[in-house]
Amino acid sequence: QVQLVESGGGLVQAGGSLRLSCAASGSIFSANYMAWYRQAPGKQRELVALITTSGSTNYADSVKGRFTLSRDNAKNTLNLQMNSLKPEDTAVYYCNTYRNWLPWGQGTQVTVSS
């Protein structure tokens, strides 16, 4: 069973940056579309960004131009560079496959103050 572990969250002021990382115990990144999701209090989990097996990326309109998704297949890591953070980015961030989800990890908390 693949284990997903997110890290890198924290408390930052609006306009600041964070880099989130996701580690997986199995070699899944080369064979699956990978994605970051987030869930704010009282809201459903939403897709933030995804990266295809060919390396193409897609972003939610709300983060386009500010976030950058990347992966390292050899290291089984997935990263999300978050720039120009806004208070509305505050949420718990999770990584997972885009489809056929694995068991969710603990996520990492991102809090952006105004």
Side-chain angles (χ1 to χ4, degrees):
Q1 183 67 59
V2 174
Q3 304 294 315
L4 298 169
V5 181
E6 300 92 347
S7 63
L11 173 63
V12 298
Q13 291 186 324
S17 298
L18 285 172
R19 186 175 178 84
L20 307 184
S21 295
C22 171
S25 60
S27 300
I28 65 170
F29 293 167
S30 64
N32 294 277
Y33 289 18
M34 300 300 300
W36 281 94
Y37 299 83
R38 68 186 181 188
Q39 186 167 25
K43 296 186 177 181
Q44 68 182 67
R45 185 183 295 111
E46 65 174 341
L47 177 67
V48 176
L50 70 88
I51 185 166
T52 72
T53 51
S54 65
S56 298
T57 53
N58 289 276
Y59 301 90
D61 288 342
S62 59
V63 307
K64 194 170 298 180
R66 300 187 297 118
F67 291 9
T68 303
L69 175 61
S70 63
R71 70 184 183 192
D72 187 332
N73 293 340
K75 297 181 178 180
N76 272 351
T77 57
L78 188 73
N79 299 295
L80 185 68
Q81 179 65 47
M82 309 164 67
N83 298 326
S84 301
L85 284 163
K86 303 176 180 180
E88 51 262 45
D89 295 319
T90 296
V92 178
Y93 285 69
Y94 303 87
C95 64
N96 213 323
T97 51
Y98 178 56
R99 298 179 179 180
N100 301 317
W101 293 331
L102 298 164
W104 296 93
Q106 295 290 339
T108 185
Q109 176 71 51
V110 171
T111 302
V112 184
S113 62
S114 60

Side chains of C95 and L4, heavy atoms from C-beta outward: is any pair under 4.5 Å? yes

Any chain of hydrophobic side-chain contacts (each under 4.5 Å) joining V110 to V63? yes

Before you tell me yes or no, could you show the steps for R38 and E46 under side chain to side chain contact (heavy atoms under 4.5 Å, CB included), namely the whole-Å CA-CA distance, both residues' side-chain angles and the distance that decides it to 0.1 Å? CA-CA 6 Å; R38 68 186 181 188; E46 65 174 341; 2.8 Å; yes

Please report the interatomic distance OG(S70) to CG(L78), rounded to the nearest 0.5 Å. 7.0 Å

Residues D61 and K64 bridged, charged N to O under 4.0 Å: yes

If you take all heavy atoms of A91 and A40, which pair is closest and at what distance? CB-N, 3.8 Å

Mark yes or no for whether N32, through its side chain, and M34, through its backbone, hold a donor-acceptor pair below 3.5 Å. no

Can you get from W36 to V112 by hopping between Ile, Leu, Val, Met, Phe, Trp and Tyr side chains that sit under 4.5 Å apart? yes

Ignoring hydrogens and geometry beyond distance, is a side-chain donor-acceptor pair present between Y37 and W101 at under 3.5 Å? yes

Validation row: F67, L18 side chains within 4.5 angstrom (heavy atoms): no

Can you find a pair of side-chain heavy atoms, one from W104 and one from N96, that are under 4.5 Å apart? yes

Looking at A14 and S114, what are the two nearest heavy atoms and their distance? CB-CA, 4.4 Å

I need the minimum non-hydrogen distance between A49 and Y59, along with the two atoms involved. CB-CD2, 3.5 Å

Write down the atom of D89, the atom of R66, and the distance for their closest heavy-atom approach. OD2-NH1, 2.8 Å

If you group Ile, Leu, Val, Met, Phe, Trp and Tyr by side-chain heavy-atom gaps below 4.5 Å, do L20 and Y98 land in one group? no

Please give me the minimum heavy-atom distance between A60 and L47, naming the atom from each residue. CB-O, 3.6 Å

With a 4.5 Å limit on heavy-atom distance, are the side chains of Y93 and E6 in contact? no

Could you tell me which non-hydrogen atom of N79 sits nearest to which non-hydrogen atom of L69, and how far apart they are? O-CD1, 3.1 Å

Report yes or no: does N58 contribute a side-chain atom to a donor-acceptor pair with the main-chain N or O of L50 at less than 3.5 Å? no

Are the side chain of T57 and the backbone N or O of I51 linked by a donor-acceptor pair below 3.5 Å? no

Main-chain N/O of F29 paired to R71 side chain as donor or acceptor, under 3.5 Å: yes

Is there a side-chain contact between Q109 and T90 (heavy atoms, below 4.5 Å)? yes

